[in-house]
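Following: one structure in C-alpha cells, then a few remarks.
Computed from a predicted model, the values in this text were never measured in an experiment.
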Amino acid sequence: MSAPRPAVEADRATPPPRDTVTDVVRWAAFSCLLVPVVLLGYGTSLAGAAGTALGLAAVTGACRVLLRQSERGAARLAAEDRAPHRGRRHRTGTGSHRGGRRTGGDTPVG
C-alpha cells in the first residue's frame with residue numbers, strides 16, 4: 001500500500017485553470033487561416049478568399065477585445081464583492097464614533 005500523499009502534492013496535481021478566452025481566440029485565428037484555404041480548394045478566387053480572411057480577422061479581433069473587456073469587468077465585480085464595506089465614511093470599529101449624545105457614562109449624579 002502507498003502512503004497518503006501530503007496536501008501540497010495534491011495541490012500540484014490539479015492543473016492550473018485554463019484561459020478560455022485565449023482558447024477561443026486561438027481557434028478563431030486557426031479558422032481565419034483554414035477557411036480561405038478551403039475556399040481556394042473549392043475554386044473561389046484568390047481575391048474572394050483574401051477578403052474572407054480579412055473579414056474573419058476583423059471579427060476575431062473585435063471579439064477578442066470584447067471578451068477581454070468583459071473578463072476585466074467580471075474580475076472587478078468579483079473584487080468588489082470580496083472587499084468589506086466599511087460604512088458611510090469608511091470608518092471601522094465601534095470606537096470610531098465621535099460626538100453625538102451619550103447616555104450614562106461619567107456624568108455627575110445629583
Side-chain angles (χ1 to χ4, degrees):
M1 288 180 71
S2 63
R5 294 185 344 200
V8 176
E9 285 184 31
D11 290 340
R12 288 185 202 156
T14 58
R18 295 188 58 151
D19 185 11
T20 55
V21 173
T22 303
D23 288 345
V24 168
V25 172
R26 283 183 185 164
W27 277 108
F30 173 72
S31 297
C32 288
L33 296 174
L34 181 65
V35 168
V37 170
V38 171
L39 288 173
L40 286 173
Y42 278 100
T44 306
S45 68
L46 184 60
T52 301
L54 287 175
L56 286 172
V59 169
T60 300
C63 287
R64 180 175 183 249
V65 168
L66 291 172
L67 282 168
R68 292 289 181 194
Q69 187 177 17
S70 90
E71 202 173 49
R72 275 189 241 119
R76 189 178 316 122
L77 282 176
E80 286 176 2
D81 287 345
R82 285 191 301 259
H85 295 286
R86 298 187 308 179
R88 197 168 139 196
R89 298 196 182 189
H90 304 290
R91 286 185 254 160
T92 58
T94 57
S96 61
H97 297 284
R98 295 185 205 144
R101 297 181 71 158
R102 298 187 183 144
T103 58
D106 50 356
T107 56
V109 177

Quick note, salt bridge (Lys or Arg N to Asp or Glu O under 4.0 Å) partners involving residues 45-66, not counting sequence neighbours, are none
ring-ring contact (aromatic ring centres under 6.0 Å, His included) filter on Y42, not counting sequence neighbours, yields none
With sequence neighbours left out, the residues meeting side chain to side chain contact (heavy atoms under 4.5 Å, CB included) with S70 are none
Give the table of side-chain donor-acceptor pairs shorter than 3.5 Å for residues 43-61, with sequence neighbours excluded, one pair per line with atom names and distance.
residue : atom : partner : partner atom : Å
T44     : OG1  : L39     : O            : 3.1
S45     : OG   : G48     : N            : 3.1
T52     : OG1  : G48     : O            : 2.9
T60     : OG1  : L56     : O            : 2.7

Side chain to side chain contact (heavy atoms under 4.5 Å, CB included) filter on L34, not counting sequence neighbours, yields F30, V38
The salt bridge (charged side-chain N to carboxylate O under 4.0 Å, His left out) partners of R68 (sequence neighbours excluded) come to D19, E71
